[in-house]
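Each remark here refers to the structure printed beneath this line.
Keep in mind that what you see is a predicted model, and the values were worked out from it rather than measured. The basis for the numbers below is simple: all heavy atoms, side chains too, and nothing from hydrogens, waters or symmetry mates.
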Amino acid sequence: MEAEKQGLIKSGQQHVLEKAKILLRSLAKVGITALIDEATNYQDIRGKDELQILLEKFISEELRPYSREFKSDYFEQLFRLYKLPYDPTTTKRPRYFAGFTNKYVYDMLPPNVWEKLDEKNPLIYNSEKNRSDRKYRLHQYLSEENGLKFLREHLEGLVTVMKLSQGMDDFKEKFELVYADKLKTLGRMQSQYQLTLDMID
């Protein structure tokens, strides 16, 4: 992993690194680039068509019926990390949980997929509640074959990291360690796609 290669792993973090390696191997993870290559023959495509092909593979044209993608253990761990009491009988949750989900789940999707989801399912202001909400769940616009597959695999790994963490600060540290390579790949891809957008403009 990137942090290990750079010698950034402290002695007290070694056990976390080993668990992370086992986790990633057991889930048979493939990198973002590899997943996109497999789904789209991305390595054979160059130029302005890259972005459109990527979005077509991850975004569903039609709204999918609702399915419960965020399981109870995700929210149970989220409450625990924020040191809040968890009540499995209610779906009421702090609104800042949405910020956590955006950052650690949807921002881990390939570049521009999040932007497309936001475009198809925007926040709508509700004057009665004095807040903005989305009409549907964001994942209802992810494609079954690639988008949901990616989401489910990521959530499985993310929940494991959450369970290994003592609190939010500990989680953030472990997340950076476990997903260092993926974050680096995302950054590189984002730069490439920005160049593509500039060329299209």
Angle between ring planes, Y106 versus F70, binned at 30° and 60°: parallel, tilted or perpendicular?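 Aromatic pair Y106/F70 classed tilted.
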Any heavy-atom pair between the side chains of [Y] and [X] that's under 4.5 Å?
X    : Y    : result
L78  : L84  : no
L63  : N121 : no
S132 : N126 : no
V161 : L164 : no
Y136 : Y66  : no
D73  : K163 : yes
L183 : E176 : yes
F100 : M168 : yes

Spatial distance of atom [atom1] ([X]) from atom [atom2] ([Y]) [nearest 0.5 Å]:
X    : Y    : atom1 : atom2 : answer
L109 : N146 : CG    : CG    : 11.5 Å
K172 : L177 : NZ    : CG    : 14.5 Å
M108 : L151 : CE    : CG    : 12.0 Å
S72  : Y86  : OG    : OH    : 5.0 Å

Determine the minimum heavy-atom distance between R68 and K71, stating which atoms define it.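 For R68 versus K71, the nearest heavy atoms are O-NZ, 2.6 Å.
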Quick one: closest heavy-atom pair of E115 and N112, and the distance? OE1-CA, 2.9 Å
Quick one: do Q140 and R137 satisfy side chain to side chain donor-acceptor pair (under 3.5 Å)? Show the steps, please. CA-CA 6 Å; Q140 287 183 259; R137 303 300 176 107; 5.6 Å; no
If the threshold is 4.0 Å, N to carboxylate O, is there a salt bridge linking [X] and [Y]?
X    : Y    : value
R134 : D118 : yes
E144 : R152 : yes
R95  : D133 : yes

Any chance you could lay out the side chain to side chain contact (heavy atoms under 4.5 Å, CB included) test for Y125 and N130, step after step, and finish with the verdict? CA-CA 7 Å; Y125 180 70; N130 192 30; 2.5 Å; yes
Check: [Y] main-chain N/O paired with [X] side-chain donor or acceptor under 3.5 Å:
X    : Y    : answer
T90  : K92  : yes
E119 : K116 : no
S143 : G147 : yes
R64  : H139 : yes

Taking the six-membered ring for Trp and the full ring for Phe, Tyr or His, determine whether the centres of Y82 and Y96 are under 6.0 Å apart.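 Y82 vs Y96: aromatic centres under 6.0 Å.
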With Y104 as reference, evaluate F175, Y179, Y74 under the ring-ring contact (aromatic ring centres under 6.0 Å, His included) test and give the passing residue. F175
Does any donor atom in the side chain of S60 or E62 lie under 3.5 Å from an acceptor atom in the other side chain?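 No, no side-chain donor-acceptor contact under 3.5 Å.
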Under 6.0 Å from the six-membered ring centre of F75 and within 45° of its axis: does the NZ or CZ of R93 meet both? yes
What verdict does the side chain to side chain contact (heavy atoms under 4.5 Å, CB included) test give for W114 and N102, after you've listed the backbone C-alpha separation in whole Å, the side-chain angles of each residue and the deciding distance to 0.1 Å? CA-CA 9 Å; W114 157 252; N102 288 343; 3.8 Å; yes
Before you tell me yes or no, could you show the steps for M162 and K174 under side chain to side chain contact (heavy atoms under 4.5 Å, CB included), namely the whole-Å CA-CA distance, both residues' side-chain angles and the distance that decides it to 0.1 Å? CA-CA 9 Å; M162 294 167 75; K174 286 181 171 63; over 6 Å; no
Test side chain to side chain contact (heavy atoms under 4.5 Å, CB included) on L158 and F171; report intermediate values, then the result. CA-CA 10 Å; L158 181 66; F171 165 78; 3.8 Å; yes
